[in-house]
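Every chain is numbered from 1, with letters handed out A, B, ... down the list of sequences. All values below were derived from every heavy atom in this structure, side-chain atoms included, with hydrogens, water molecules and symmetry-related copies excluded.
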2 protein chains.
Amino acid sequence: MALMEIKEAKDKFIHTWGTLATQWGINRTMAQIHALLLLSPRSMNADEIMADLQISRGNVNMNLRDLMDWGLIYKQLLPGERKEFFIAEKDIWKVAKQIAKERRRREIGPLIEAMEDLKEGIQPDTEEKEEFLKIVNEISKVSVFADNTMTSLLKSDENWLLNNFIKVFNK
Amino acid sequence: MALMEIKEAKDKFIHTWGTLATQWGINRTMAQIHALLLLSPRSMNADEIMADLQISRGNVNMNLRDLMDWGLIYKQLLPGERKEFFIAEKDIWKVAKQIAKERRRREIGPLIEAMEDLKEGIQPDTEEKEEFLKIVNEISKVSVFADNTMTSLLKSDENWLLNNFIKVFNK
DNA sequence: TTGAATTTTCAAAATATTCTGAAAGTTTTT
DNA sequence: AAAAACTTTCAGAATATTTTGAAAATTCAA
């Protein structure tokens, strides 16, 4: 890619972040607001975000709340200001952790629950039922494992992880 | 949940799988076909899947191909049969690995590339550009780390992992 | 070859998701 | 208490994704 001006690069970043986000189940606008705040050296209010991304107030409001639910941005009340300001978590390790945490909660949690439900409802009194339960049980096991792995990774100290994890496993 | 008959349980499984899938960015029908094949003791052809899930031929065809791309099902050519039959990978560990592998490729890969692009385009000759590059670099680092972690996990022997991973990390 | 069986494609229709903007709700100032 | 400043809600509009089904392409048996 040719050399870019900073404005251009920031726009590209915001745009790219928005496009990639749809790939991983997050909506475009939410990702763009997140990107905008990540790059912003100071907190921004709803009107500024509206103007910057050319989107409606309702859209901004809704996605700011979602971003707070994800733990990716914080509300900041500035003295002397009526408006609410928002600032992104800038520590990218924390951002990654938050995303991983939230995805674990949303993606793996319901799977484990659903499999437990199915297990409880069936009595393994025929061959067919046994076969079915075998699959449900395996999915159960794998999802619990994935859940634990995620939890462990999230608990570990990130620097220690960064420095040592790869060596240990990547034989 | 009350006791269920096997048919009911299988339907619930297929339905649940389909619903959860949308949560994690896979489409409902693809997930339902996958669930159906996971539960089927024998391979199925397009007509059977159409009848079972009440969906069109085009839809079945398209999603079968996607499932093959994901490495979750295989085409099976039965002697004496003109129709193509499909069978799911039944080893749930392999299924999980395949899903993780594919998601790594689709979700992390493009992120790494995009950040590399941005890095190349900017000369860090002002404070603002340096700030920008700092964030891009950190995202780069985190995504490469995530990518490596995934790769390492995928390479490790699954049983060894299952037995030892949690103990090692979950101090 | 021919033609019947089967798979693939793709434009249009159906469905689902996201976005808008004005109205309703809330908080703060006067 | 009233008004101004600001935030939230939500029905309808816009957009995006998924699905259909018939036509085109492919495969295979005779």
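Summarising the geometry, the separation between CG on B:Asn45 and C1' on D:dT27 is reported as 16 Å, rounded to the nearest angstrom. In this structure, CG of B:Asn27 is placed 12 Å from C1' of C:dA16, rounded to the nearest angstrom. Taking atom CZ on B:Arg82 and atom C1' on C:dT7, their separation rounds to 11 Å, with Å as the unit. Between B:Ile49 atom CD1 and D:dT19 atom P there is a gap of 14 Å when expressed in whole angstrom units. In this structure, the NZ atom of A:Lys83 is 14 Å from the C1' atom of C:dT27, given to the nearest Å.
Put simply, the side chain of B:Glu116 reaches to within 4.5 Å of the side chain of B:Lys119, judged on heavy atoms.
A salt bridge links A:Arg42 to A:Glu48: one of the charged nitrogens lies within less than 4.0 Å of a carboxylate oxygen. The existence of a salt bridge linking B:Asp11 and B:Lys7 is confirmed by a sub-4.0 Å separation between a basic side-chain nitrogen and an acidic carboxylate oxygen.
In this pair, A:Trp17 and A:His34 present their aromatic rings tilted. The plane angle is within the 30 to 60° band.
When A:Asp52, A:Leu53, A:Ile49 are each tested for a side-chain contact (heavy atoms from CB on, under 4.5 Å) with A:Val60, only one passes: A:Ile49.
Note on B:Thr29: every side-chain N or O is 4.0 Å or more away from OP1 and OP2 of D:dT18.
Looking at the side chain of A:Glu84, the nearest of the listed nucleotides D:dT19, D:dT8, C:dT6 is D:dT8. Distance from the side chain of B:Arg28 is smallest for C:dA16 among the nucleotides C:dA5, C:dT27, C:dA16.
Of the residues in residues 51-81 of chain B, those with a non-hydrogen atom less than 4.0 angstrom from any atom of DNA chain C are B:Arg57, B:Gly58, B:Asn61, B:Arg65.
Remark: A:Lys129 NZ is packed, more than 12 non-hydrogen atoms of other residues, nucleotides or ligands lying under 6.0 Å away.
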